Amino acid sequence: MTIKPRRLEPGDTIGIIAPAGPVAQEEIQPTMDLLYNKGYRIHEAPNLFNRKGYLAGHDYARLDDLHSMFSDNGIKAIFCARGGYGSIRILDKIDYDLILDNPKIIVGYSDITALLFAIFHRTGLVTFHGPMLRDMAQDGGDNLGDFLELASSSTPRIYDLSGGMVLNQGRARGKVLGGNLSIISSLMGTPFMPMMKGAILFIEDKGEPLYRIDRMLSHLRQGGIIDGLSGLIAGRFVDCGDISDINELLTDLTSGSDIPVINGLLVGHDKENRTIPIGLHAELDTENMTLTFLETCVT
């Protein structure tokens with residue numbers, strides 16, 4: 001059963017955590033200032049600015065921060081400060097019953113894909129693939145504005161894909177799942193990978209050479225993921241080489257299939273990073289170049 005979190009409104013308190021890589025105060029202050037100006041309150045997790053090499057502190061500290069945000073009834077939404085690496089280390093230690101009993105908005109991308117997938121798969125809670133606190137102020141604050149609009153909206157969202165390219169025409173419906181390709185690939189074979197059969201999958205990545213993207217896509221194909229999809233959407237692939245080469249990979253990957261394949265979704269490691277709810281049904285239509293959600297993401 002899919003669970004929708006409560007909508008976010010001005011005056012609500014937003015909890016800030018760093019479940020992956022370390023972050024400094026000055027990196028997130030611009031977005032915090034924007035949130036204050038929009039009428040939101042901020043609660044920083046106790047271990048938010050911890051640092052242990054490439055991690056934002058010990059696993060138990062990052063886990064405690066996550067649990068404390070879900071257990072605190074005064075926190076209405078949870079923003080991840082940044083990505084990096086580390087979310088996958090705590091997936092097997094999370095109290096998913098706690099999250100199930102206290103559903104609320106959680107948003108992030110990149111390495112946070114692991115957290116979003118695991119929470120949705122184990123609880124049914126709709127999660128949000130969207131900008132982190134560190135980069136919500138980019139694009140003139142439009143990324144933050146886009147998220148806040150989605151998180152408070154009483155109407156389903158329609159995404160315009162007219163700036164993209166159709167790689168295989170068609171129309172499909174299914175649950176929308178997706179995020180960082182590297183993380184999705186690494187979750188295969190774990191108990192934290194959602195059921196992909198019939199899903200519309202979106203993918204993005206950064207700094208991966210073409211052969212690694214090929215390897216990850218081939219891993220998904222040979223694991224039976226690709227053949228079971230109802231649709232495939234490519235987001236941004238930043239510093240990953242020529243986009244035409246990636247398009248060719250996607251075309252080869254889905255050759256012989258009748259699923260619609262398109263690129264141009266404004267998600268990923270770029271200036272524009274729009275928020276996508278994970279776990280809701282939508283329709284992908286390459287003729288109209290739209291991804292239309294069939295239900296609202298908050299209640």
Side-chain angles (χ1 to χ4, degrees), residues 8 10 12 14-45 48-49 51 54 56 77-87 105-116 127-153 157-164 178-183 202-208 233-241 243 246 263-278 291 297:
L8 187 62
D12 286 344
I14 296 170
I16 310 300
I17 61 173
V23 67
Q25 177 81 52
E26 59 269 20
E27 293 179 279
I28 62 175
Q29 193 62 49
T31 301
M32 292 173 64
D33 291 341
L34 282 176
L35 288 168
Y36 282 127
N37 291 336
K38 292 179 180 292
Y40 295 93
R41 300 173 182 175
I42 302 294
H43 178 72
E44 298 177 1
L48 177 60
F49 299 114
R51 182 180 293 267
Y54 47 78
I78 304 167
F79 287 12
C80 296
R82 65 155 294 186
Y85 168 75
S87 298
I105 290 169
I106 181 168
V107 59
Y109 78 110
S110 192
D111 186 75
I112 308 301
T113 299
L115 201 56
L116 303 179
T127 55
F128 293 79
H129 182 279
M132 251 90 67
L133 200 72
R134 192 173 68 165
D135 50 33
M136 277 183 172
Q138 292 182 10
D139 197 24
D142 286 350
N143 288 328
L144 174 59
D146 177 74
F147 166 77
L148 292 176
E149 179 185 350
L150 181 66
S152 62
S153 177
R157 173 70 69 88
I158 301 175
Y159 293 85
D160 180 7
L161 303 176
S162 59
N180 183 261
L181 175 60
S182 303
I183 300 301
F202 69 90
I203 53 175
E204 63 83 29
D205 222 315
K206 178 181 180 180
E208 296 287 357
I233 311 174
R236 300 297 179 89
F237 281 81
V238 178
D239 299 329
C240 294
I243 189 62
I246 296 174
N263 64 21
L265 190 63
L266 298 178
V267 298
H269 295 72
D270 210 348
K271 186 177 180 181
E272 293 178 282
N273 185 15
R274 303 312 188 213
T275 305
I276 308 289
I278 289 177
L291 176 66
C297 57

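The analysis underlying the following values was restricted to heavy atoms, covering all of them including side chains, and did not include hydrogens, waters or symmetry mates. The shown structure was predicted, so the numbers you read here are calculated from the model rather than taken from an experiment.
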What's the separation between atom [atom1] in [X] and atom [atom2] in [Y], rounded to the nearest 0.5 Å?
X	Y	atom1	atom2	answer
Met136	Leu34	CE	CG	10.5 Å
Leu35	Phe79	CG	CZ	5.5 Å
Asn143	Leu148	CG	CG	11.0 Å
Gln138	Met132	CD	CE	10.5 Å
Asp135	Ser110	CG	OG	9.5 Å
Ile183	Asp111	CD1	CG	4.5 Å

> For the rings on Phe202 and Tyr159, is their centre-to-centre separation under 6.0 Å?
Replying inline: no
Do the side chains of [Y] and [X] get nearer than 4.5 Å, heavy atoms only?
X	Y	result
Ile112	Pro19	yes
Val267	Tyr109	no
Asp142	Glu272	no
Leu8	Ile14	yes
Phe128	Ile106	no

Can you give me the closest heavy-atom contact between [X] and [Y], atom names plus distance?
X	Y	result
Ala56	Ala18	CB-O, 3.4 Å
Pro22	Arg51	CG-NH1, 3.4 Å
Val107	Pro131	CG2-O, 4.0 Å
Ile105	Ala151	CD1-CB, 3.9 Å
Thr31	Ala137	OG1-N, 3.3 Å

>> With a 6.0 Å cut-off (strictly less than), is the heavy-atom count around CD1 of Ile158, excluding the residue itself, greater than 12?
In response: no
> side-chain contact (heavy atoms from CB on, under 4.5 Å) between Leu133 and Cys80: does it pass, once the steps are laid out?
Replying inline: CA-CA 6 Å; Leu133 200 72; Cys80 296; over 6 Å; no
> Which residue pairs satisfy the salt bridge (charged side-chain N to carboxylate O under 4.0 Å, His left out) criterion with at least one member in residues 18-41, sequence neighbours excluded?
Replying inline: Glu27-Arg134
> Looking only at side chains, do Glu204 and Asn180 share a donor and an acceptor under 3.5 Å apart?
Replying inline: yes
> Residues in ring pair (Phe, Tyr, Trp, His ring centres under 6.0 Å) with His43, at least two apart?
Replying inline: none
> Do the side chain of Arg236 and the main chain of Leu266 share a donor and acceptor less than 3.5 angstrom apart?
Replying inline: no
>> I'd like to know if the side chain of Asp205 reaches the main chain of Ser182, judged simply by a donor and an acceptor atom lying under 3.5 Å from each other, with no hydrogens or angles considered.
In response: yes
> Should Leu265 and Ile276 be marked as a side-chain contact (heavy atoms from CB on, under 4.5 Å) after you check the CA-CA gap, both sets of side-chain angles, and the distance that decides it?
Replying inline: CA-CA 10 Å; Leu265 190 63; Ile276 308 289; 4.2 Å; yes
> Using 4.0 Å as the upper bound for N to carboxylate O, is an ion pair formed by Arg157 and Asp146?
Replying inline: yes
